[in-house]
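Naming convention: chains lettered A, B, ... in sequence-line order (proteins, then strands); numbering from 1 in each chain. Keep in mind it's a predicted model, so treat the numbers as computed, not measured.
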Protein chains: 2
Amino acid sequence: MVSKTKEDAELTRNRIIAAARAVFLARGVSKSTLEHIAAEANVTRGAVYWHFENKTDIFHAMREQVFLPLIDQMDDRLGLTIDNTENPLTQIENSLCHTISELNENIEMREIYEIMMIKCEYVGEFAMVLDQILNNCSSLIEKIEIAYQRAQTQNLLASMLSPHALALDTHLFFGGLLHMWIKDADGSKFRHQAFDLIKTHINLRRK
Amino acid sequence: MVSKTKEDAELTRNRIIAAARAVFLARGVSKSTLEHIAAEANVTRGAVYWHFENKTDIFHAMREQVFLPLIDQMDDRLGLTIDNTENPLTQIENSLCHTISELNENIEMREIYEIMMIKCEYVGEFAMVLDQILNNCSSLIEKIEIAYQRAQTQNLLASMLSPHALALDTHLFFGGLLHMWIKDADGSKFRHQAFDLIKTHINLRRK
DNA sequence: TAATATACATACAAGCATGTATGTAAGCAA
DNA sequence: TTGCTTACATACATGCTTGTATGTATATTA
């Protein structure tokens, strides 16, 4: 049965990534074995080693599947790509809410977030992932700041605080929310009111 | 040289915990071996197994050393224990700032935070630690809420938002800040301005 | 259609990590 | 001082994991 065309191989590769996601989620990245992943994908370690160098390689592939598209989406929702007339504060609010919606609906994305937040040890090779995350944060903060800048220009802000300070506060709030959202697995503490929390956060800024 | 009195044994136990902290930090909890820990503590695995059941047991012991005292401190700083006349918003601000100071000065606490945030996979036996963390969050939110309640009573708040909503927002902000503080190892992005971020966050609430 | 590359499966060797079992010297209580 | 317990060290058996080497059937290309 070892007869695979290129498309079949691509499918196998994706199956391995999906399997890795399930295994990482269940056992944590460190305690996940290539044998576990192979079994979950109904292949042998031979197939895994054909497509990937090692576990780290699979991890990065899994991560890129979701995080690369995510960056661009954020631009659009913050109204940075097209001229727009909408309330910038509402745009920030919608952007944050949309990300939460994504987590609700996109199982793949939710699981990868969970893996990266509480099923992964950022040590050795994985340490550089933290740097990437920090960089993504910086660019996200800048984007939020631009939106707050527009809000300030339109005289929509309740306080005298700088757009930069507001953007940092919003970013930290949202980072905290994401962490709690993930950790609150049964949804009783944070998930059920995530949208309200975001609204409150933004309302605090509205004039 | 195997002659240890009870006090010596207690010292050995603490040395093992301290060694575990160093090893966890360097290699991550999962990839840390009892042999690594024993070597770091200048004992053998025999000593480790005498004092602890397994790695998980060491982890919990390490965690309790820092987190149990932490809870009580928070009460005091939020002014919940004694009658006081100070501005509640300032008390919240000071409480958060004090925690950051602790992270700056208390290496042990900082390292344990780092281990728990980015060097540990919350899976299997460790999953229940997440529940404990969530519970600690709930009680912390309640304490902050009481402080905001006092602020509202004293007509110090800039917005009409409920003390509960404000407390949640503050809690999420601070959770995000702690995460970023830890991840920002070189301090260039968040650590250097942590106090300012807290001040900004509270100023947003001051009338 | 012959040669080569692809896409795996299987087999093997080596190193760890764990838990436990056993050894042992010193402390401690009667 | 005798006997038991403490506080470890040492040794052993077992079970993973990993990486690589090898086998093999099919696809692809010249």
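Heavy atoms from other residues, nucleotides or ligands lying under 6.0 Å from NZ of B:Lys189 number more than 12. For B:Arg110, the CZ atom counts as densely surrounded, since its 6.0 Å shell holds more than 12 non-hydrogen atoms of other residues, nucleotides or ligands.
Proximity of B:Trp50 to the phosphate of D:dC8: no side-chain N or O atom is located under 4.0 Å from OP1 or OP2. The phosphate of D:dC8 (OP1 or OP2) has a side-chain N or O of B:Thr12 nearer than 4.0 angstrom.
With rounding to whole Å, A:Asn14 atom CG is found 16 Å from C:dC8 atom C1'. The CD1-C1' distance, from A:Ile58 to D:dG19, rounds to 14 Å in whole Å. Look at CG on A:Leu11: it is 12 Å from P on C:dA7, rounded to the nearest Å. At whole-Å resolution of the value, CG in A:Asn42 and C1' in C:dC8 are 14 Å apart. Regarding B:His36, its NE2 atom lies at a distance of 9 Å from the P atom of C:dC16, rounded to whole Å. To the nearest angstrom, C1' of D:dG19 lies 17 Å from CZ of A:Phe52.
A salt bridge does not link A:Arg27 with A:Glu40: none of the charged nitrogens is closer than 4.0 Å to a carboxylate oxygen.
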Could you go over nucleotides 18-20 of chain C and give all protein N or O partners under 3.5 Å, atom names and distances?
from: C:dT18; atom 1: OP2; to: B:Leu34; atom 2: N; distance (Å): 3.2
from: C:dG19; atom 1: OP2; to: B:Tyr49; atom 2: OH; distance (Å): 2.4
from: C:dG19; atom 1: N7; to: B:Arg45; atom 2: NH2; distance (Å): 2.5
from: C:dG19; atom 1: O6; to: B:Arg45; atom 2: NH2; distance (Å): 2.8

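Contact annotation: the side chain of B:Leu166 never approaches that of B:Glu145 to less than 4.5 Å [non-hydrogen atoms, C-beta and beyond].
A cation-pi contact links A:Arg63 to A:Phe67, judged by a cut-off of 6.0 Å to the six-membered ring centre and 45° from its axis.
Heavy atoms only, all atoms of each residue included: A:Ile202 and A:Leu89 are closest at CG2-O, 3.7 Å.
Distance from the side chain of B:His51 is smallest for D:dC8 among the nucleotides C:dT10, C:dA7, D:dC8.
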